[in-house]
Chemist: 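Have a look at the structure that comes next, please.
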Amino acid sequence: MSRAFYVTTPIYYVNADPHLGHAYGTSLADTLARYHRLAGEETYFLTGSDEHGEKIAEVAASEGTTPQSVADRYSNAFRETWETIGFSFDQFIRTTDPHHCDVVQTILQRIYDAGQIEFREYEGLYCVGCERFLTERDMEGGKCRDHEREPERQKESNYFFKMSEHFEWLAETLEARPDLIRPERYRNEVLGMLRDESGLGDLCISRPKTRLDWGIELPFDSNYVCYVWFDALINYLTGIGYPDGPNFEKYWASAEHVIGKDILKPHAVFWPCMLRAIGLPPYRHLDVTGFWNVEGRKLSKSLGNAVSPLALKERFGFDALRYFLLRDLAFGSDSDFTEAALVRRINADLANNLGNLVSRTLNMTARYAGGTVPEPGPTGPDEQAIAQLAATTAAQVDESVRRCEPHHALECIFALSDAVNRYLEEQAPWKIAKEQADGWEKRVATTLYTSCQALRSLALLLAPFLPETAPVLLERLGIPDALESARLPDDAARWDALAPGTPTQKGAALFPRIEIEKSN
Ligand code: ME8
């Protein structure tokens, strides 16, 4: 297993404020970064903003301002929102950074010198939303499928990257590496695109300055700027110091891109072909997420029904929101966001299952064991089953995270919490304490000891998913520094690691139940 891990989010267009869909992808990348860090891997997490292109120029024109000031405003909005939420990114890259522009020009020149770029005349239907010429497959009823607007017929001389020369290699690579693009249906979709001769061709990588001058100038023709996607994808290299930064190769070999399904083609077709032309291997994984809809409609800036992640954080707490986002949407599928569904999840899983386990375990530890982890009496098959389940859960979580299936990892973690709740019900230490039969103290101590050990495992496993809550739980368990030295998954599988005598604290409910309003 590689000891490095490099994860990226898409870089966000700076034409509107961040919404729930962006927060979802970034939460996923953040969770992966946190997990791999806790697994002891040297981790680098890159996010940022995509600032060139027609969309930004259009906003600037409509506001009577410059594209740079629009880019500054929204780039700051994204960075500040991600900081307020507490995402653990190592760098927030901007495609207007001079260093990034230099790297793009170096790559363009290199590919041009290698004979991979050609000047041609082209006529076609151009969509400003997509920032490219459309093919038949991109349209429905004369309109762009994604942007629901009519493309414009345009004729232009432009530079083309000879992308189609790499298609055979790309199809073979996808066949040979079934987990390059996940989940599998997106890999199949890409194989379908590559098989369909009419669908893809070479990639137009320039825009004449007469039409658009907000972009990186082509180093070999100052009348043109670079197509925004060609510029944007290269951020994944600039961000880790391409071409000669000391960590570049180590991180590139472990690169994992998290993207939404609407940007599959640029990442699954353009990007690997560009990388091959640059002389680099493809990324290790492309993780493709589905979409959050709101009342059945795509949640997007252009449709204007964006849901603000900060407003939701304010009302529900970001841990609860990210738990819902990662748990409710099976990775790769779409899901509908409703507040009622969010509240149901918070109540069922966070309040009634995990929260209840935490409060009853710590309350009983205070009451029956003087507020310290008790010395256990003899253990039996029930305790061994819980210990065994904690170990199995740790292994399942590791496997699920490495497969980018966070919903499954969370399902396993909450199944462990549920099993410990059932164990408590069956043992009923409160009854034993009330009846005070012979040896009752030892029996209660064994049960609480077992629950405390399980809580420790749960807190460690939850740390990448609930980064605000897990440290609180560890503190209540008397091991506030546990995350500093923890190694996942092995440390979460270790039983008996919480020493008898460790002082615990009761604390307030981790996730109070939320009352659902009738209108929901
Ligand atoms: O596409 N649910 O930027 P962007 C889930 N600049 N994900 C969603 C979503 C939703 N409702 N709405 C948007 C771009 N997204 C380019 C990327 S990368 C080199 C360049 C996701 O700001 C969308 O799928 O329009 C995409 O992955 C990301 O948000 C950024 O969208």
Side-chain angles (χ1 to χ4, degrees), residues 7-29 46-56 58-59 70-71 74-75 77-79 81-82 92-96 100 103-104 127-132 146-147 186 215 226-239 255-272 274-275 283 286-309 312 321-322 324-326 328-338 406:
V7 66
T8 67
T9 69
I11 47 171
Y12 299 104
Y13 279 131
V14 285
N15 57 355
D17 287 319
H19 64 56
L20 188 76
H22 306 132
Y24 166 61
T26 312
S27 296
L28 174 57
L46 181 73
T47 186
S49 51
D50 186 357
E51 306 189 8
H52 292 123
E54 266 162 81
K55 277 202 254 294
I56 320 305
E58 268 190 353
V59 175
V70 172
Y74 288 115
S75 177
F78 271 95
R79 193 173 36 71
T81 303
W82 287 178
F92 188 98
I93 194 168
R94 298 185 58 176
T95 54
T96 50
H100 172 76
V103 171
V104 171
C127 171
V128 176
C130 295
E131 314 225 18
R132 63 183 171 85
D146 285 342
H147 296 91
Y186 294 112
C226 178
Y227 168 46
V228 65
W229 267 106
F230 195 92
D231 149 11
L233 288 160
I234 290 173
N235 94 85
Y236 300 136
L237 301 182
T238 319
E256 194 158 324
H257 300 311
V258 173
I259 61 158
K261 64 177 185 178
D262 58 326
I263 52 175
L264 178 65
K265 194 196 282 181
H267 283 85
V269 180
F270 305 175
W271 186 222
M274 285 168 64
L275 287 166
Y283 39 77
L286 183 66
D287 299 328
V288 188
T289 72
F291 260 73
W292 281 100
N293 298 317
V294 174
E295 285 149 28
R297 294 193 81 197
K298 182 179 158 192
L299 195 166
S300 75
K301 297 171 222 179
S302 51
L303 291 178
N305 61 350
V307 176
S308 154
L312 289 163
L321 177 64
R322 81 191 254 159
F324 171 74
L325 296 175
L326 295 173
D328 236 59
L329 189 152
F331 172 64
S333 311
D334 293 352
S335 195
D336 207 34
F337 180 85
T338 64

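Being a predicted model, the structure only gives us computed values, none of them experimental. Ligands are counted one by one from 1 in listed order, and the atoms in each one are counted from 1 as well.
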Chemist: List ligand 1 atoms under 4.0 Å from Gly260, heavy atoms only on the residue side.
Modeler: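 This gives 24 (O), 27 (O) as the contact atoms.
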Chemist: When you check the gap from the basic side-chain N to the acidic O, do Lys261 and Asp334 get nearer than 4.0 Å?
Modeler: yes
Chemist: So Trp292 and Asp328, do their side chains get closer than 4.5 Å, heavy atoms only?
Modeler: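 Result yes, sub-4.5 Å side-chain heavy-atom pair found.
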Chemist: Which atoms from ligand 1 have a heavy atom of Gly21 less than 4.0 Å away?
Modeler: 2 (N), 5 (C), 7 (N), 8 (C), 9 (C), 10 (C)
Chemist: From the options Lys261, His19, His52, Glu51, select the one whose nearest heavy atom is closest to atom 12 (N) of ligand 1.
Modeler: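 Nearest heavy atom to atom 12 (N) of ligand 1 lies in His19.
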Chemist: Pull out every atom of ligand 1 sitting under 4.0 Å from any heavy atom of Asp50, numbered as shown with elements.
Modeler: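 Under 4.0 Å from Asp50, ligand 1 has these atoms: 6 (N), 16 (C), 20 (C).
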Chemist: Taking all non-hydrogen atoms of both residues, which atom of Gly290 and which atom of Tyr186 are closest, and how far apart?
Modeler: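 Smallest heavy-atom distance, with atoms named: CA-OH, 4.3 Å.
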Chemist: With atoms numbered from 1 as shown, which atoms in ligand 1 lie under 4.0 angstrom from a non-hydrogen atom of His267?
Modeler: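 By the 4.0 Å cutoff, the relevant atoms are 18 (S), 19 (C).
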Chemist: Would you call Pro266 a ligand 1 contact, heavy-atom distance under 4.0 Å?
Modeler: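 No; Pro266 lies far enough from ligand 1 that no heavy-atom distance drops under 4.0 Å.
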Chemist: Mind checking side chain to side chain donor-acceptor pair (under 3.5 Å) for His257 and listing every partner two or more places apart, or none if nothing turns up?
Modeler: Thr8, Trp271
Chemist: Check whether any heavy atom of Asp262 sits under 4.0 Å from an atom of ligand 1.
Modeler: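 The answer is yes: ligand 1 sits under 4.0 Å from a heavy atom of Asp262.
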Chemist: Have Glu51 and Thr95 got a donor and an acceptor in their side chains that come within less than 3.5 Å?
Modeler: no
Chemist: Going by the atom numbers of ligand 1, which of them fall below 4.0 Å from some non-hydrogen atom of Tyr236?
Modeler: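 Close to Tyr236: 18 (S), 19 (C).
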Chemist: If you define the side chain from C-beta out and look only at heavy atoms, does anything of Cys226 sit under 4.5 Å from Val104?
Modeler: yes
Chemist: What atoms of ligand 1 come closer than 4.0 angstrom to any heavy atom of Gly290?
Modeler: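 With Gly290 as reference, the close atoms of ligand 1 come out as 5 (C).
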Chemist: May I ask you to test the Phe331-Asp287 pair for a side-chain heavy-atom distance under 4.5 Å?
Modeler: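 Answer yes - side chains close enough.
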Chemist: Phe291 to ligand 1: N or O pair under 3.5 Å?
Modeler: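 No.
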